[in-house]
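Beneath this line is the structure, given in structure tokens, with notes to follow.
Below, all heavy atoms of this structure are taken into account, side chains as well, without hydrogens, waters or symmetry copies. As the structure is a prediction and not an experimental result, all values here were calculated from the model. Letters go in sequence order (proteins before strands), and every chain restarts at 1.
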2 protein chains.
Amino acid sequence: METVFITPKIVSQKCRYALRAIFELASRHTAEAVKISDIASSQAISPRFLENILVELKQAGFVASKRGNDGGYILTWPADKLTVGQVIAFIQGTVKYNVVPYGIDSAKNGDYAFSHLWQRLNDSISGIYNNTTFADLVQEEAMAAKDYVPNYVI
Amino acid sequence: METVFITPKIVSQKCRYALRAIFELASRHTAEAVKISDIASSQAISPRFLENILVELKQAGFVASKRGNDGGYILTWPADKLTVGQVIAFIQGTVKYNVVPYGIDSAKNGDYAFSHLWQRLNDSISGIYNNTTFADLVQEEAMAAKDYVPNYVI
DNA sequence: CATTATTCCTATAGATTTAATAGGATATTA
DNA sequence: TAATATCCTATTAAATCTATAGGAATAATG
């Protein structure tokens, strides 16, 4: 039940909230806008903090908003086309790294070996991020929560 | 030459210094103790900062030290038995995570799907960390720097 | 048109983490 | 005993992260 993670905080709290918010929108297969307060309460996020996050997600084009009485947020992407990697990269940003090419004397002892290690690590993480869509997550959650009924043909 | 990493600071500066210090010890195939100042200059690390790091690495048992005039540090592990994962876990610490088991209604919508995602991510990262030894890194660096001559049998 | 409910924008505060420095104690060798 | 190096503890400066807050803009409703 308890797993030890070798990598603390690979994804920030803010980023996890962003993912949860989009997940929440994706899991409600409705055309109606969902209010911040609804997302906040069902995902246990501070409403005021979530507000800022949603504004950012809107500026990135992941969600659209409607103001006023029946306001709220909707997902602008099809859930099976939006990956967690896109959201994570937007919220946490990316880092540019110099990868030392093979066959060249590197400046410091270890530059090549370590840059290659970090690159392999990055490729592995990116592979997971970019191949996980919100549709995947929603489907997985539905199956786990047992409210998934497979399409048997009788 | 420049690669974009989706995960900023997956390994802290301090941790990278620790890895570099051990790499430096591993790459010098000598029984003599290596001084902090030597490691610091060849790896471009602040000597005073490195000092603290090496004391920690000693307490973890990765290195041993000798004080006084001919003092310095030596590696206590065989380089092909020590992985980067062991060092990273010690320096950065680990995080315990609740993994929601399959088939149970989770407390919040998404708990299962996300905990599974984080677990896959952790497994992937751990796989790389725990299968990369310092001997691997030293060999890779030697090949890249072109001072590696393969053992051709003529 | 006023009211109400909602998102939007900007600023800021508090806490934590990280990176680095510093002083002096301790040990080893010559 | 002098010189050189590691050892231990404390501290600081900067950056980052999390969260809160005030008030502006917008939309629906009666």
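- Applying the 4.0 Å criterion to OP1 and OP2 of D:dA19, one finds that A:Y17 has a side-chain N or O inside that range.
- The distance from atom CD1 of A:I53 to atom P of C:dT7 is 14 Å, rounded to the nearest whole Å.
- Of the listed nucleotides (D:dC7, D:dT9, D:dT29), D:dC7 has the atom at the smallest distance from the side chain of B:E51.
- Side-chain contact of B:E141 with B:S27: a donor-acceptor pair under 3.5 Å is absent, judged by distance alone.
- Residue contacts for A:E56: at a heavy-atom cut-off of 4.0 Å it reaches no nucleic acid atom on any strand shown.
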Would B:L57 and B:I22 count as a side chain to side chain contact (heavy atoms under 4.5 Å, CB included) if you check the C-alpha gap in whole Å, the side-chain angles of each, and the deciding distance to 0.1 Å?
CA-CA 9 Å; B:L57 292 175; B:I22 290 186; 4.0 Å; yes
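- Hydrophobic clustering (side-chain heavy atoms under 4.5 Å, transitive across Ile, Leu, Val, Met, Phe, Trp, Tyr) keeps A:I74 apart from A:L137.
- Taking the six-membered ring where tryptophan is involved, the planes of B:W77 and B:F62 are tilted, since the angle between them lies from 30° to 60°.
- If you find the closest nucleotide of DNA chain C to A:G68 and to A:V55, the one lying nearer the 5' end belongs to A:G68.
- Listed pair A:Q92 / D:dT16 fails the phosphate criterion, with no side-chain N or O lying under 4.0 Å from OP1 or OP2.
- Candidate nucleotides C:dT28, C:dA19, D:dA28 were compared by shortest atom distance to the side chain of A:N69, and D:dA28 ranks first.
- Listed nucleotides C:dT29, D:dT29, D:dC7 differ in distance to B:K66; the shortest reach to its side chain belongs to C:dT29.
- Between B:K58 and the phosphate of D:dC7, there is a side-chain N or O to OP1/OP2 separation shorter than 4.0 Å.
- Side-chain N/O atoms of A:D136 and A:T133 include a donor and acceptor closer than 3.5 Å.
- Rounded to whole angstrom, the span from the CG atom of A:D70 across to the C1' atom of C:dT4 amounts to 12 Å.
- Taking a cutoff of 4.0 Å between a charged side-chain nitrogen and a carboxylate oxygen, B:K35 and B:D38 do not qualify as a salt bridge.
- DNA chain D is contacted by B:K35, B:I36, B:R48 of residues 19-49 of chain B, taking any non-hydrogen atom closer than 4.0 Å.
- Picking from D:dA21, D:dC7, C:dT7 the nucleotide with the shortest atom distance to the side chain of A:N52 gives D:dA21.
- The phosphate of D:dT16 (OP1 or OP2) has no side-chain N or O of A:K9 nearer than 4.0 angstrom.
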